[in-house]
Amino acid sequence: MPGIDKLPIEETLEDSPQTRSLLGVFEEDATAISNYMNQLYQAMHRIYDAQNELSAATHLTSKLLKEYEKQRFPLGGDDEVMSSTLQQFSKVIDELSSCHAVLSTQLADAMMFPITQFKERDLKEILTLKEVFQIASNDHDAAINRYSRLSKKRENDKVKYEVTEDVYTSRKKQHQTMMHYFCALNTLQYKKKIALLEPLLGYMQAQISFFKMGSENLNDQLEEFLTNIGTSVQNVRREMDSDVETMQQTIEDLEVASDPLYVPDPDPTKFPVHRNLTRKAGYLNARNKTGLVSSTWDRQFYFTQGGNLMSQARGDVAGGLAMDIDNCSVMAVDCEDRRYCFQITSFDGKKSSILQAESKKDHEEWICTINNISKQIYLSENPEEIAARVNQSALEAVTPSPSFQQRHESLRPAGQSRPPTARTSSSGSLGSESTNLAALSLDSLVAPDTPIQFDIISPVCEDQSGQAKASGQGGRRTNPFGESGGGTKSETEESILHQLFIVRFLGSMEVKSDDNPDVVYETMRQILAARAIHNIFRMTESHLLVTCDCLKLIDPQTQVTRLTFPLPSVVLYATHQENKRLFGFVLRTSGGRSESNLSSVCYIFESNNEGEKICDSVGLAKQIALHAELDRRASEKQKEIERVKEKQQKELSKQKQIEKDLEEQSRLIAASSRPNQASSEGQFVVLSSSQSEESDLGEEGKKRESEA
């Protein structure tokens with residue numbers, strides 16, 4: 001006989017939707033078997049109960065056996081050997097329908113007992129196990145739901161222990177019940193054949209023994225056929241016993257091997273994290289928003305298929321597309337006080353999804369797998385090998401980052417003398433002028449042991465904190481759209497350019513050179529590799545405001561300025577050569593008290609596919625600032641010329657006034673020297689004094705005129 005379809009007992013612990021769908025097929029088959037066996041039982045019971053209806057009952061049995069091939073059994077419906085065997089039986093039974101077919105004792109022992117035992121014991125056992133499995137499955141779902149709602153901030157060891165113990169017990173109960181249920185359904189396929197063939201064989205033997213005198217009607221061919229059927233039944237029974245023994249041994253082995261897996265968060269030392277996966281499947285809790293502030297969490301089965309993340313509810317035959325994860329970004333997030341949450345954002349930033357893993361191992365594996373798929377490694381011939389090689393090369397290329405305290409202590413190294421001329425240019429202009437720098441090694445751009453900063457703290461914030469406090473603007477809220485809330489206007493609000501971008505801070509590190517775009521590329525490579533090696537997936541999201549004076553990082557929720565980068569200090573900026581979402585810029589700051597002691601820090605960000613736009617915006621801001629500076633200098637020069645002209649005009653008018661006074665003096669002197677003018681002595685004295693004063697003024701005027 002052909003092979004028997006079986007349920008995979010090894011996949012009971014995973015409990016995937018595919019397994020549930022296959023289980024539904026077996027349950028449907030069991031229902032069909034039960035319906036068919038009930039009909040066959042009723043037919044044979046009529047043979048047993050009524051001698052007068054023996055002929056009719058035998059005819060009905062023959063008819064049912066003929067209709068077996070028309071039955072739509074989900075499993076084994078196309079068993080041609082069984083169909084042909086039953087067809088042969090139907091013919092023989094139809095021939096014997098006219099004979100005396102009543103021997104109640106023999107029929108009860110040989111025909112009714114096997115089918116009754118199958119109906120009352122085996123089929124009822126299937127129904128009982130189905131009910132027990134449904135209860136265990138519901139209890140496991142409820143326990144998982146309670147475990148998922150465990151608080152991350154307010155952990156209670158007693159509550160956590162009780163919930164974990166509940167998950168362990170319910171999962172173990174479901175696993176064991178499911179394995180026994182699968183075993184019973186697999187065994188049913190054998191018992192179905194036995195229950196069909198053994199009663200018929202007993203019936204035929206009873207008829208043969210009853211009609212010994214009519215043995216001449218039974219030819220040798222029929223006896224050979226019955227002998228073959230008996231041998232087949234024995235073979236099926238032996239195969240069933242062997243398969244049952246194998247399944248029982250498998251159940252015992254799986255119970256021992258699966259015991260550590262019943263715990264929802266297994267020991268990471270025994271079950272290490274696989275970081276080179278390009279395919280993964282498992283249950284996740286998905287967050288669905290139901291209102292402005294309310295949300296629900298649904299547990300679904302997720303699996304990756306190429307560059308797509310698929311979801312499948314329990315009972316569904318196939319999964320549906322949840323998100324396109326090509327070129328996506330994934331990071332760990334804190335959400336509603338739940339553990340092991342991570343967020344997936346599509347490449348265009350228009351769609352995001354927050355999911356919760358069951359354990360820390362699953363949490364890290366999902367993030368690593370989605371990162372590998374986002375890089376389109378799955379398109380290669382050996383994706384896992386390439387992913388392992390990429391991670392290994394990143395591990396060899398990057399030195400582990402020290403603590404944040406060491407990072408701050410090493411942020412200000414001893415200054416080196418630099419030429420005073422600073423060069424501010426974009427990546428495009430630098431690309432055409434960097435022929436001499438192309439031969440530099442990577443070590444001359446970024447030192448191998450340079451520490452990496454992954455948070456938002458930077459020396460720029462420390463250098464400007466004193467200035468912010470002195471001006472009374474520390475922690476001030478910034479309006480990113482340049483709208484003034486009061487009478488006083490800041491420099492940002494008076495700026496011509498205001499462009500806002502959503503960015504995520506990846507990291508920063510000190511660099512040796514700031515006049516070659518390779519510095520930015522090498523910094524990107526080292527920071528991304530370090531994040532992948534040390535499992536740093538969390539990124540700080542901010543709003544980058546580009547103005548003609550500075551670059552500002554603004555908190556998107558509180559609108560508080562986190563960092564301010566003066567635009568003249570931004571000496572280099574560039575986007576990644578392949579991934580246009582990544583961009584960075586080099587900031588030149590004073591590393592000590594003297595102006596010649598300078599240091600350069602490269603900052604790397606990730607945007608929503610707007611890296612080139614941000615660099616273009618920074619370039620536009622620097623051009624506007626340059627033109628504004630040129631206009632300011634021209635205006636100051638014009639004002640200086642006007643001041644010189646105004647001063648000359650004042651001197652000229654003063655000189656004219658002096659000349660006018662001298663003419664008036666001369667006229668008065670000439671009038672006072674006339675002989676016919678009669679005057680008293682006192683008057684002559686007054687005239688003498690006034691004349692002396694006018695003569696002194698005239699001399700001073702002449703001196704000023706000569707000086708002019």
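Values below: every heavy atom of this structure, side chains too, minus hydrogens, waters and symmetry copies.
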- Query: Would F501 and S617 satisfy side-chain contact (heavy atoms from CB on, under 4.5 Å), going step by step from the backbone distance to the final call?
  - Reply: CA-CA 10 Å; F501 304 93; S617 178; 3.9 Å; yes
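- A 4.5 Å side-chain heavy-atom check between E510 and S600 finds every atom pair outside the cut-off.
- Of the possible polar contacts, one joining the D337 side chain to the K153 backbone as a donor-acceptor pair under 3.5 Å is found.
- Using a distance-only test at 3.5 Å, with no hydrogens or angles considered, a donor-acceptor pair links the side chain of S21 to the main chain of P17.
- Of the inter-residue distances, the one linking Q623 atom CD with D616 atom CG reads 9.5 Å to the nearest 0.5 angstrom.
- A donor-acceptor pair under 3.5 Å is formed between the side chain of S148 and the backbone N or O of I144.
- Side chain of D324 to main chain of D326: a donor-acceptor pair is present (N/O by atom type, distance under 3.5 Å, no hydrogens or angles).
- Proximity of I373 to R279: side-chain heavy atoms (C-beta onward) are nowhere separated by under 4.5 Å.
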- Message: Under the criterion side-chain contact (heavy atoms from CB on, under 4.5 Å), I'd like the reasoning laid out for C335 against W297: C-alpha separation, chi angles, the key distance, then a yes or no.
- Response: CA-CA 11 Å; C335 184; W297 293 81; 3.8 Å; yes
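- Rounding to the nearest 0.5 Å places OG of S374 at 6.5 Å from CG of N371.
- Residues L545 and Q499 are not in side-chain contact: their nearest non-hydrogen atoms beyond the backbone lie 4.5 Å or more apart.
- For S346 (side chain) and K351 (main-chain N/O), a donor-acceptor pair under 3.5 Å exists by modelled atom type.
- For the atom pair CE (M509) and CD1 (I452), the distance works out to 4.5 Å, reported to the nearest 0.5 Å.
- Counting all heavy atoms, side chain and backbone alike, A621 lies closest to V546 at CB-CG1, 4.0 Å.
- For the pair A574 and M524, the tightest heavy-atom approach, listed with the atom from each and the gap, is O-CE, 3.9 Å.
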- Message: Could you go through V520 and I604, starting from their C-alpha distance and side-chain angles, then the distance that decides it, and tell me whether this counts as side-chain contact (heavy atoms from CB on, under 4.5 Å)?
- Response: CA-CA 8 Å; V520 181; I604 305 300; 4.2 Å; yes
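- Across Y378 and G306, no two heavy atoms sit closer than the pair CE1-C, 3.6 Å.
- With T304 contributing its side chain and K280 its backbone, the two residues share a donor-acceptor pair below 3.5 Å.
- Residue K152 qualifies as enclosed at atom NZ: its count of foreign heavy atoms under 6.0 Å is above 12.
- Atom CD in E365 sits 10.5 Å away from atom CG in N276 (nearest 0.5 Å).
- A donor-acceptor pair under 3.5 Å is formed between the side chain of R531 and the backbone N or O of L506.
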- Stepwise, does the salt bridge (Lys or Arg N to Asp or Glu O under 4.0 Å) test hold for R275 with E364? CA-CA 8 Å; R275 308 186 186 280; E364 295 184 6; 3.4 Å; yes
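- Considering Y521, Y573, F605 as possible partners of F583, the one that fulfils the ring pair (Phe, Tyr, Trp, His ring centres under 6.0 Å) test is F605.
- A 4.5 Å side-chain heavy-atom check between M331 and I344 finds every atom pair outside the cut-off.
- Put simply, the side chain of S258 never gets that close to the backbone of L13: no donor and acceptor are under 3.5 Å apart.
- The cationic atom of R299 (NZ for Lys, CZ for Arg) lies less than 6.0 Å from the six-membered ring centre of Y283 and within 45° of the ring axis.
- Expressed to the nearest 0.5 Å, how far CG of L355 lies from CZ of R338 amounts to 11.5 Å.
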- Item | T278 and N372: CA distance, side-chain angles, deciding distance, side chain to side chain donor-acceptor pair (under 3.5 Å) verdict | CA-CA 6 Å; T278 55; N372 293 336; over 6 Å; no
- Query: For M323 and N308, what are the C-alpha separation, side-chain angles and deciding distance, and is it a side-chain contact (heavy atoms from CB on, under 4.5 Å)?
  - Reply: CA-CA 6 Å; M323 181 179 292; N308 298 325; over 6 Å; no
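- Put simply, NE2 on H363 and NZ on K360 are 10.0 Å apart, with the number rounded to the nearest 0.5 Å.
- Salt-bridge annotation for R562 and D555: present, with a side-chain N of the basic residue lying under 4.0 Å from a carboxylate O of the acidic one.
- Checking S508 against Q453 by side-chain atom types alone, no donor-acceptor pair falls below 3.5 Å.
- When all heavy atoms are compared, the tightest approach of S295 to R287 is OG-NE, 3.6 Å.
- Looking only at side-chain heavy atoms (C-beta outward), I554 and S542 stay at 4.5 Å or farther from each other.
- For the pair N579 (side chain) and R581 (backbone), a donor-acceptor distance under 3.5 Å is present.
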- Item | Verdict with supporting geometry, Q312 and Q18, side chain to side chain donor-acceptor pair (under 3.5 Å) | CA-CA 9 Å; Q312 185 175 0; Q18 288 82 359; 3.3 Å; yes
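- Side-chain atoms of C328 and F347, non-hydrogen and from C-beta on, never get closer than 4.5 Å to each other.
- By the 4.5 Å heavy-atom criterion applied to side chains, L551 and V570 are counted as neighbours.
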- Message: Apply side chain to side chain donor-acceptor pair (under 3.5 Å) to residues S513 and D515 and explain how you reach the verdict.
- Response: CA-CA 6 Å; S513 174; D515 53 0; 2.6 Å; yes
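- Of all heavy-atom pairs spanning M310 and G319, the tightest one is CE-O, 3.9 Å.
- Residues F342 and V330 are in side-chain contact: their nearest non-hydrogen atoms beyond the backbone lie under 4.5 Å apart.
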- Message: With salt bridge (Lys or Arg N to Asp or Glu O under 4.0 Å) as the criterion, how do R314 and D141 come out once you've worked through the C-alpha distance, each side chain's angles and the decisive distance to 0.1 Å?
- Response: CA-CA 12 Å; R314 183 175 295 176; D141 292 343; 3.1 Å; yes
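- For an aromatic pair to be called close, the ring centres must be under 6.0 Å apart, and Y603 with F565 satisfies this.
- Under a 3.5 Å cut-off, the side chain of H543 and the backbone N or O of L553 do not form any donor-acceptor pair.
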- Item | Verdict with reasoning, D298 to N285, per side chain to side chain donor-acceptor pair (under 3.5 Å) | CA-CA 5 Å; D298 297 331; N285 291 332; over 6 Å; no
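- In this structure, W366 and A281 approach most closely via the heavy-atom pair CZ2-C, 4.0 Å.
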